[in-house]
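These notes concern the structure reproduced below.
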Amino acid sequence: MTGVERELLYGGRTRASMAFRSDLTHAHGERVHISPRDECGRPDLAAWLREPLPGTKVYCCGPAPLLAAVQ
């Protein structure tokens with residue numbers, strides 16, 4: 001996806017439990033936002049999804065409550 005602007009909000013219970021965290025931050029730097037719940041609480045989805053630009057796509061995976069919150 002060269003030339004496509006993107007950001008990743010990666011949430012998990014703890015930093016240690018987040019698979020590929022190091023690989024993602026190493027490969028994509030500041031575009032990856034790590035948000036372990038034990039350090040940061042739950043991510044502020046309203047702030048992240050407040051005003052998407054036209055053409056913005058949101059991809060989400062996770063437990064049902066997270067998917068419902070994103071919808």
Side-chain angles (χ1 to χ4, degrees):
M1 294 196 345
T2 304
V4 175
E5 208 172 308
R6 60 195 173 275
E7 288 188 67
L8 170 66
L9 172 61
Y10 184 8
R13 289 189 177 138
T14 65
R15 203 172 279 273
S17 71
M18 298 168 78
F20 307 109
R21 176 184 45 85
S22 308
D23 296 334
L24 288 166
T25 55
H26 179 72
H28 303 287
E30 293 180 4
R31 291 181 294 193
V32 177
H33 305 273
I34 303 297
S35 183
R37 190 172 59 203
D38 66 336
E39 295 174 28
C40 306
R42 294 184 187 270
D44 184 354
L45 297 176
W48 273 88
L49 301 171
R50 183 170 291 137
E51 293 185 37
L53 297 173
T56 296
K57 293 177 176 49
V58 176
Y59 297 91
C60 181
C61 66
L66 174 63
L67 297 176
V70 169
Q71 285 180 333

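Listed by chain and number, the residues in a side-chain contact (heavy atoms from CB on, under 4.5 Å) with L8 are Y10, L24, V32 (sequence neighbours excluded). Residues passing the side chain to side chain donor-acceptor pair (under 3.5 Å) test with T25, sequence neighbours excluded: none.
In this structure, L49 shares a hydrophobic cluster with L9, L45, W48, V58, L66, V70, the cluster being traced through Ile, Leu, Val, Met, Phe, Trp and Tyr side chains under 4.5 angstrom apart.
Sorted by first and then second residue, the pairs that involve residues 39-52 and meet salt bridge (charged side-chain N to carboxylate O under 4.0 Å, His left out), not counting sequence neighbours, are R15-E39. Among residues at least two apart or in separate chains, there is no side chain to side chain donor-acceptor pair (under 3.5 Å) pair with a member in residues 56-71.
Here R21 contributes atom CZ and I34 contributes atom CD1; the two are 6.5 Å apart, rounded to the nearest 0.5 Å. The structure places CZ of R6 at 6.0 Å from NE2 of H28, a figure rounded to the nearest 0.5 Å. Here E5 contributes atom CD and R31 contributes atom CZ; the two are 9.0 Å apart, rounded to the nearest 0.5 Å.
Closest approach of S35 and C40 over heavy atoms only: OG-CB, 3.8 Å.
Side chains of P36 and R13 form no contact here, defined as non-hydrogen atoms less than 4.5 Å apart.
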